[in-house]
Amino acid sequence: MPDETITIRVEPANLPDSEWCLAQYYSELAERFDEGFDPNLKNKFDPAEMEPPNGWFVVGRIGEKPVACGAVMKLDGSASICEVKRVWVSSDARGSGLGSKIMDKLEKLAKEAGFTSVKLDTNRTLGEAKGLYEKLGYTETDRYNDNPYADHFFEKAL
């Protein structure tokens, strides 16, 4: 895979590659979280919310193979704050820099849309995600949502 091109594109969240990435994400969380993972429990992901100007979904590929995804969406009740959701990189693509590239693309989309800050949350078992967010300049903050799976909350000015 090192010789293949990495691409990240905005795509509808209801297309087959997007849905496949989300299914892989949900499956991995169900395995890794101590309490399992139910995608419909309080933080349901609605593909319809991922339509500009309120949200964007991106798929990362190595060559033609989808191997990563992520989303950014307007945070309820705010015109200036958005939230990053559903960032996932397949285990065989980790270490390729795709996580950082997905985050960069999501932040760029948010900034171009006029958002001034971004928030996100993560679970304690996702240490690599927490490390990535800290490396990218996110700072830990107080809880801002009722996501039952979230243990850490971050924000960053755009």
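Values below: all heavy atoms of this structure, side chains included; hydrogens, waters and symmetry mates excluded. Residue numbers count from 1 along this sequence. These numbers come from a predicted model, not from an experiment.
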Kindly determine whether Ser100 and Leu136 satisfy side-chain contact (heavy atoms from CB on, under 4.5 Å), including the steps that lead there. CA-CA 8 Å; Ser100 292; Leu136 295 176; 4.2 Å; yes
Please assess Lys74 against Glu83 for the test salt bridge (charged side-chain N to carboxylate O under 4.0 Å, His left out), listing each intermediate value before the final yes or no. CA-CA 6 Å; Lys74 180 179 179 179; Glu83 182 178 28; over 6 Å; no
Just do the side-chain contact (heavy atoms from CB on, under 4.5 Å) check on Ile102 and Ile8 with the steps written out, would you? CA-CA 7 Å; Ile102 291 281; Ile8 299 168; 4.0 Å; yes
As a quick check of understanding, evaluate salt bridge (charged side-chain N to carboxylate O under 4.0 Å, His left out) for Glu107 and Lys111, giving each step before the final call. CA-CA 6 Å; Glu107 290 174 11; Lys111 192 170 185 173; over 6 Å; no
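Side-chain contact check for Val118 versus Glu155: every heavy-atom pair is 4.5 Å or farther apart. With a 4.5 Å cut-off on side-chain heavy atoms, Leu126 and His152 do not count as touching. Side chains of Val87 and Leu106 form a contact here, defined as non-hydrogen atoms less than 4.5 Å apart. With a 4.5 Å cut-off on side-chain heavy atoms, Lys119 and Cys82 do not count as touching. In this structure, Met103 and Leu132 have side chains that are in contact, with non-hydrogen atoms separated by less than 4.5 Å. The shortest side-chain heavy-atom distance between Ser27 and Glu31 falls under the 4.5 Å cut-off. Contact annotation: the side chain of Arg9 never approaches that of Val58 to less than 4.5 Å [non-hydrogen atoms, C-beta and beyond]. When side chains are defined from C-beta on, Leu158 does not count as touching Thr116, because their heavy atoms never get closer than 4.5 Å.
Atom OH of Tyr133 and atom CG of Asp121 lie 8.5 Å apart (nearest 0.5 Å). The CG atom of Asn145 sits 10.0 Å away from atom CG of Asp76, with the distance rounded to the nearest 0.5 Å. Residue Lys156 holds its NZ atom at 5.0 Å from OH of Tyr138, rounded to the nearest 0.5 Å. To the nearest 0.5 Å, atoms CE (Met73) and CG (Asn54) are separated by 8.5 Å. Put simply, CG on Leu120 and CG on Leu75 are 11.0 Å apart, with the number rounded to the nearest 0.5 Å. The distance from the OG1 atom of Thr125 to the CZ atom of Phe37 is 11.0 Å, given to the nearest 0.5 Å.
Dense packing is recorded around CG of Asp46, with more than 12 heavy atoms of other residues, nucleotides or ligands lying under 6.0 Å away.
Considering only residues two or more places apart in sequence or on other chains, Phe153 meets the ring-ring contact (aromatic ring centres under 6.0 Å, His included) condition with Tyr144. Applying the side chain to side chain contact (heavy atoms under 4.5 Å, CB included) criterion to Glu134, with sequence neighbours excluded, gives Lys130, Glu140, Phe154.
Taking each heavy atom of Ala13 and Leu22 in turn, the nearest pair found is O-CD1, 4.2 Å. What you find for Thr7 and Gly63 is that their closest heavy atoms are OG1-O, 4.5 Å. Closest heavy-atom contact between Ile62 and Ala93: CD1-CB, 3.9 Å.
Salt-bridge annotation for Glu49 and Lys85: absent, with no side-chain N of the basic residue lying under 4.0 Å from a carboxylate O of the acidic one. Between Lys65 and Asp92, at least one side-chain N (NZ, or NE/NH1/NH2) sits under 4.0 Å from a carboxylate O, which counts as a salt bridge. Note on Glu128 versus Arg32: salt bridge recorded, some NZ/NE/NH1/NH2 to OD/OE distance being below 4.0 Å. Glu35 and Arg124 are joined by a salt bridge, as a carboxylate oxygen and a charged side-chain nitrogen come within less than 4.0 angstrom of each other.
If you chain together hydrophobic residues whose side chains sit under 4.5 Å apart, Val10 and Leu98 fall into the same group. Both Trp20 and Met50 belong to a common hydrophobic cluster when Ile, Leu, Val, Met, Phe, Trp and Tyr are linked at side-chain heavy-atom distances under 4.5 angstrom.
Applying the ring pair (Phe, Tyr, Trp, His ring centres under 6.0 Å) test to pairs two or more places apart or on separate chains, those with a residue in residues 48-78 are Phe45-Phe57.
Put simply, the side chain of Arg143 gets close to the backbone of Ala150: a donor and an acceptor are under 3.5 Å apart. A side-chain donor-acceptor contact under 3.5 Å links Ser18 to the backbone of Pro12.
No hydrogens or angles considered: a donor-acceptor pair under 3.5 Å links the side chains of Glu28 and Trp88.
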